[in-house]
Amino acid sequence: MHSAVTPARDEITPPVPVLSVVIPIYNEQEALPLTVARLRPILDGMGVSYEVVGIDDGSTDATPVIMQKVRQEWSEFRIVRFARNSGHQAALTAGIHRAHGDYVVSIDADLQDPPEKIAEMFALAREKDLDIVYGVRGDRGTDTFFKRRTAGAYYWLMRKLVGKNMPNQAGDFRLLSRAAVDALKSLPEHQPVYRLLVPWLGFSSGEVVYVREERVAGSTHYPLSKMVRLALDSITNFSASPLRLATWLGLMSFLVCFALTIYTTLQYAFGSPVPGWSSLFMAMLFIGGVQLICVGLLGEYIGRIYSAVQARPAYFVGYDSAEESTPARSDQTSEYAA
Ligand code: UDP
Ligand code: MG
C-alpha cells in the first residue's frame, strides 16, 4: 500500500506514547547499529513510554534488513519505509506527521547529535512547559573548515530572513510539543524547511547546547549540491527580496547608462568622437549578465510556484509497522486527526 495519508493519532492502538523519537535513515548500515545501541538505554532509562520512528528514506544498502532486526528485539522501534529516496527534509516531515507522542524529538542516525541530550530536552520542556527545545551546536570543531564557514553564512542569512526567533546554529535536532507538531502539520508547505518554520511558529522555546560529534560511521549524504539546494529552498521559502534585486540592478544600470549617454553626447558635440567599441562591448556583456541573473531568480520562484501548484506529496510511504497492528480504521475524528 502506498499512501501519503497520515493515520490519525487515535486510530493507533493505545496507549499513546509520551515521547516519539524520529530518525531519518538513509544508507546507514554502519552507523545504525551503533546509534541503536546508544539510544536504547537512554530511552529505557527515562521512565516514560516512547516510540522510535525510524524513517527509511529508500535505503539501497543493508539498512532495511538491519531495521527489521532491530524491530524484532525492540518493540518500541517502529519502521516507516519510503518507496524511494525522497530526502532528509521529506523524511523528517513523514516522521513529524506520523509520530504519536506528546513530545517529538528528531535526531540524525549518525550519532552526530548525542542521544543523551534527549533526556535533557525532555526534562527542560516539561519543567518550563516549553513547546520547542532546540539543540544548539556549541562547537563545530569536528566539522570541516568549509562546512563551518558555509554553515556560518547560512545561519547569518536565515536570521536576517526569519528574525531573532531563529536560534543560531540550530539544526534538525530538536524537541517539539504536540501543539507545535499540530501547528506544523496544519501548514500547507510541500517542501518544508523545519529549521526555519519551527522558529517562525514563535512558540515558547528553550535551548540545549551540545557538541556536534563526528559521524560515527559511513559518510555524509549532504554533498555541496544538496547544501546549496537547502539554502535556496530556505531563502525562497521565506523571502521574496531576491526578486527585488532585479529592480535595483535595473535601476543601477539605468543610472550608468544615463551618465554614459551624457558623456557620449558631449563627446559628439565637442568634436572628438572616440571609436569606443570596448565600452559598448562591456556594457552589452554587463546588461546581458544582469538580465540572465534576473531571469534565473524569476525561474527559482516560478519553479517553486509550479511544484506548489502541482501539489505532489514529498514522499510516499510504502510500509509503516505501526499500521500492521492497527485495528480497522475508524471514521472517528479527533483533535489530532490529520
Ligand atoms: N538522510 C536521509 N535522506 C537523505 C540524506 C540523509 O534520510 O537523502 C538522513 C541521514 O541518514 C542522517 C540525516 O539525514 O540520519 C543527516 O544526514 P547526513 O548525516 O548525511 O548529513 P550531515 O550531518 O553531513 O549534514
Ligand atoms: Mg550527519
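Every number for a ligand or one of its atoms is a count from 1 in the order of the listing.
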Between Leu92 and Val181, is there shared hydrophobic-cluster membership here, with clusters defined by ILVMFWY side-chain heavy atoms closer than 4.5 Å?
yes
Verify the distance test for Thr220 against the Mg ion (ligand 2): any N/O/S atom under 2.8 Å, yes or no.
no
Find out if a path of hydrophobic residues (ILVMFWY) with successive side-chain heavy-atom gaps under 4.5 Å connects Val216 to Met67.
no
Please tell me whether Tyr26 and Leu32 are part of a single hydrophobic cluster in this structure, the criterion being side-chain heavy atoms less than 4.5 Å apart.
no
Could you tell me if any non-hydrogen atom of Arg215 lies under 4.0 Å from any atom of ligand 1?
yes
Could you tell me the residue and atom name of the protein heavy atom closest to atom 17 (O) of ligand 1, and the distance to it rounded to 0.1 Å?
Tyr222 CD1, 4.0 Å
Atom pairs and distances, donor-acceptor, side-chain atoms in residues 288-301, under 3.5 Å, two or more places apart:
| from | atom 1 | to | atom 2 | distance (Å) |
| --- | --- | --- | --- | --- |
| Glu300 | OE1 | Arg304 | NH1 | 2.7 |
| Tyr301 | OH | Ser239 | O | 2.4 |

Atom name, Asp110 (N, O or S, nearest to the Mg ion (ligand 2)):
OD2
Of all the atoms in ligand 1, which lie at a distance below 4.0 Å from a heavy atom belonging to Lys147?
25 (O)
Taking both backbone and side-chain atoms of Ala91, is any N or O found less than 3.5 Å from an N or O belonging to ligand 1?
no
Please work out which of the three classes, parallel, tilted or perpendicular, describes the rings of Tyr210 and Phe173, given edges at 30° and 60°.
perpendicular
Among Gly54, Ser86, Pro24, Ala151, closest by any non-hydrogen atom to atom 9 (C) of ligand 1:
Pro24
Counting C-beta onward and ignoring hydrogens, is there a side-chain heavy-atom pair between Glu189 and Thr93 closer than 4.5 Å?
no
Going by the atom numbers of ligand 1, which of them fall below 4.0 Å from some non-hydrogen atom of Thr220?
20 (O), 21 (O), 22 (P), 24 (O)
Can you list the atoms of ligand 1 that are under 4.0 Å from a heavy atom of Glu28?
10 (C), 11 (O), 12 (C), 15 (O)
Which is it for Ile55 and ligand 1 at heavy atoms under 4.0 Å: side chain, backbone, both or neither?
neither
Students should be able to answer this: which protein heavy-atom is nearest to atom 16 (C) of ligand 1, and at what distance?
Asp108 OD2, 3.4 Å
Taking only Lys NZ, Arg NE, NH1 and NH2, and the carboxylate oxygens of Asp or Glu, determine whether Arg215 and Glu28 approach each other closer than 4.0 Å.
yes
With side chains defined as the heavy atoms from C-beta onward, is the minimum distance between Tyr50 and Val21 less than 4.5 Å?
no
State whether the shortest distance between N or O atoms of Asp110 and N or O atoms of ligand 1 falls below 3.5 angstrom.
yes
What residue and heavy atom of the protein are closest to atom 5 (C) of ligand 1, and at what distance?
His221 CB, 3.5 Å
Under the salt bridge (charged side-chain N to carboxylate O under 4.0 Å, His left out) rule, what do Glu323 and Arg98 come out as? Steps first, then yes or no, please.
CA-CA 11 Å; Glu323 284 170 4; Arg98 288 182 170 247; 3.2 Å; yes
What atoms of ligand 1 come closer than 4.0 angstrom to any heavy atom of Arg212?
23 (O)
